[in-house]
Amino acid sequence: MDLFSSIDTEPARRRMEELSERIDQLNYEYYMNDRSLVSDQEFDTLLRELQELERQYPELASPLSPTKRVGGEVNKSFRQVEHRFPMLSLGNTYSIEEIEEFEARTRRLLDGEEFSYTCELKYDGVAIGLSYRHGRLVQAVTRGNGTLGDDITLNAKTIPTVPLHLRGDYPDDFEARGEVVFPFDAFNAFNAQREAEGDEPFANPRNAASGSLKLQDSAECAKRKLMFCMYFMMAPDGIALPGTHYGRLDYARQMGFKVQPYIQECKDITEIKAFIDHWDHARWELPFGTDGIVIKVNQTALWDRLGLTAKSPRWAIAYKFKAERVSTPLLSIDYQVGRTGKVTPVANLAAVHLGGTTVRRATLVNADFIESFDIHEGDHLFIEKGGEIIPKVVGVDLERRPDGAPPVRYIDRCPECGTPLVRIDGEAAHYCPNADGCHPQIVGRLEHFVSRRAMNIETLGPERLELLYTAGLVRNVADIYDLRRDQLIGLGDDATIQDKSADNLLAAVETSKNVPFERMLFALGIRYVGEVGAKKLARYFKDMDHLLAAGEEELSQVEDVGGVTAKAVHEWFAHPDHRTIVDRLRAAGLQMQVSLQQGDNTLDGLTFVVSGVFEHFSRDEIKADIERHGGKVSGSISGKTSYLLAGDKMGPEKRKKAEKLGVKILSEADYLQMTTP
Ligand code: IVH
């Protein structure tokens with residue numbers, strides 16, 4: 001007898017429902033009302049219980065379960081979908097006169113009608129549309145070109161302020177539109193972490209929000225703590241909505257949407273201008289970015305009467321805030337040398353207040369930048385802060401140039417080691433070529449090598465590395481593996497490294513020897529080789545020997561490795577000192593080949609059907625690889641199949657069946673993404 005079929009799943013189903021409701025409610029209180037009803041630990045316990053039940057009873061798991069907030073599913077690709085209602089943009093202006101004209105024109109067109117306006121913030125983020133049927137989120141789509149957008153449902157579900165189920169009364173079929181913003185606190189923390197890990201920081205919260213929505217790994221999107229600000233609602237004919245925009249937003253708030261409170265009904269231009277004036281200053285106090293004010297006719301029945309222009313409605317307009325600009329004296333220029341030897345000039349400025357913060361420094365980018373503005377010593381520089389967080393130098397205040405001030409002369413020697421700087425063809429930056437003798441380059445490379453995404457040697461932070469460098473113990477990454485206990489103990493100003501910390505440090509170094517080959521390649525810090533490039537190189541060449549033997553042409557065959565990267569990789573490995581480093585790392589026991597042996601449980605609970613021909617694996621190899629990662633392989637597609645792993649030349653029948661049953665189709669590249677740590 002099949003024991004399992006007799007087990008009643010009803011209690012599990014009921015418990016799962018109960019947990020989902022409770023977690024949804026706690027999330028709602030936390031994100032909408034800023035109220036924590038339970039401790040983080042209690043919350044995690046509930047969430048974990050639900051996750052465990054969903055693992056045991058996948059057939060009972062709801063696609064709108066609060067566990068989806070944590071992410072985990074991989075976006076194969078972002079399907080393009082057509083907007084049901086085109087996503088129009090707004091006419092916009094920087095001029096108050098044009099707002100006056102808009103108001104006068106609207107009044108004229110509405111000829112004696114009683115009406116009002118709503119003024120609200122223009123959120124500086126990424127526009128998305130959320131479709132709800134019967135109170136449940138069914139799809140999230142980016143604006144795209146207004147007609148076609150990308151389906152980003154999986155990632156949108158991870159945003160806590162995107163309701164998965166609606167509360168109370170709601171229209172059965174409608175679309176909620178709004179902006180996904182990256183609140184400043186979350187954005188700053190995220191960028192700081194990126195920098196600590198040696199990644200380029202994002203220029204502003206908007207770009208970062210946009211990049212986050214297009215992440216393949218929804219769990220990564222979940223970590224970013226994005227926020228959805230709802231600002232518009234539309235429904236098909238026959239579905240009634242409140243008759244004012246203000247009323248619609250209020251209604252949306254009751255359904256569980258985050259509608260910012262900074263909205264005001266204004267009866268005339270005076271009130272509109274007062275709202276604009278207020279937010280032009282007060283915007284710097286907000287926890288997220290805003291780049292203007294949106295003014296809409298409040299009575300929705302009047303929208304049709306006012307109609308549309310070519311691409312925007314006549315019943316709304318956006319006033320954009322002018323970037324705040326100040327001028328302040330240039331005191332001096334620092335030249336910073338990064339781990340690749342790249343030199344960045346940074347202006348030290350007389351402290352000045354701008355957009356809610358005090359600015360003391362701003363990048364001067366490179367020599368061309370300084371030359372194009374013809375910056376002279378002691379000049380007053382114009383600094384702007386628009387929607388960006390980082391202040392920008394946008395010009396020189398020529399009227400305040402000191403008499404006889406000479407133009408800034410760019411340095412020709414490295415400020416750290418005195419080596420003459422070079423400029424690489426096609427690049428605007430200057431570089432210090434003394435890679436192996438220039439302090440910030442050496443320490444920068446070491447920092448990159450030990451960073452979390454590379455070898456993850458947490459106990460070796462920047463201060464420790466500096467200490468080891470100064471003590472002459474570590475000059476290159478291979479030296480890390482020669483460190484001995486007796487050399488470490490007593491190091492530091494007040495002998496900070498003692499027995500225990502020396503042991504911890506050496507243990508972390510030892511553990512790092514198991515870091516997969518591709519991450520070790522990334523850790524070497526070869527110019528232009530980021531995480532993805534390193535992965536692709538590792539998967540292509542499989543081991544260090546093949547990589548070392550590869551010529552430039554072969555290197556450039558690798559997907560995503562262009563000519564410039566191929567040249568840089570080839571040159572790096574051709575350097576005798578680098579060969580020695582690689583030999584020493586090999587002797588120390590670091591991973592020098594891609595590991596097909598290592599198992600983990602990334603694919604736990606998932607069932608795959610494999611079909612077609614693959615580039616990096618034979619059919620048997622890929623099946624074995626799935627099992628090594630804890631997944632199951634099955635011969636035919638059914639409702640229980642999690643993924644169809646599709647290689648080249650897969651039969652059309654399999655695809656059809658998968659599509660019919662709603663089984664997700666994965667490419668080999670998707671699979672590699674999923675299984676590569
Ligand atoms: S209303 C048909 N309200 O600004 C009117 N838009 O071109 C639909 N935006 O891409 C837009 N904050 O994403 C509206 N409070 C707000 C907004 C807002 C930001 C964005 C919107 C659109 C752009 C206007």
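Both ligands and their constituent atoms are indexed starting at 1 by order of listing.
Under a 4.0 Å N-O distance rule, the pair E531/R453 qualifies as a salt bridge. Using a cut-off of 4.0 Å between Lys/Arg side-chain N and Asp/Glu carboxylate O, K342 and E427 are scored as not salt-bridged. Between R79 and D150 there is no salt bridge, since no side-chain N of the basic residue sits under 4.0 Å from a carboxylate O of the acidic one. Ion pairing between a basic and an acidic side chain is recognised when a charged N comes within 4.0 Å of a carboxylate O; E73 and K664 show such pairing. Between R325 and D397 there is no salt bridge, since no side-chain N of the basic residue sits under 4.0 Å from a carboxylate O of the acidic one.
Nearest protein heavy-atom contact of atom 21 (C) of ligand 1 is Y231 OH, 3.0 Å. The protein heavy atom nearest to atom 5 (C) of ligand 1 is L90 CD2, 3.7 Å. Among all non-hydrogen protein atoms, the one lying nearest atom 15 (N) of ligand 1 is L121 O, 2.9 Å. Among all protein heavy atoms, the one lying closest to atom 12 (N) of ligand 1 is Y123 N, 3.0 Å. For atom 20 (C) of ligand 1, the closest heavy atom belonging to the protein is E179 OE1, 3.5 Å. With hydrogens left out, the protein atom closest to atom 3 (N) of ligand 1 is K296 NZ, 3.0 Å, a heavy atom.
Atom numbering of ligand 1 starts at 1 in the shown order; those under 4.0 Å from a heavy atom of P313 are 2 (C). Of all the atoms in ligand 1, the ones that sit under 4.0 Å from a non-hydrogen atom of K122 are 4 (O), 12 (N), 19 (C), 23 (C). Of all atoms in ligand 1, listed by their number and element, those nearer than 4.0 Å to a heavy atom of V294 are 3 (N), 15 (N), 16 (C), 17 (C). Atom numbering of ligand 1 starts at 1 in the shown order; those under 4.0 Å from a heavy atom of S89 are 7 (O). Per-residue contacts place A127 under 4.0 angstrom from the following atoms of ligand 1 (heavy atoms of the residue considered): 13 (O).
Classification of the F182-F187 ring pair by plane angle, with boundaries at 30° and 60°, yields perpendicular.
Taking the ring centroids of F257 and Y170, they lie at or beyond the 6.0 Å cut-off.
A cation-pi arrangement is absent between K258 and F228 under the rule of less than 6.0 angstrom and at most 45 degrees off the ring axis.
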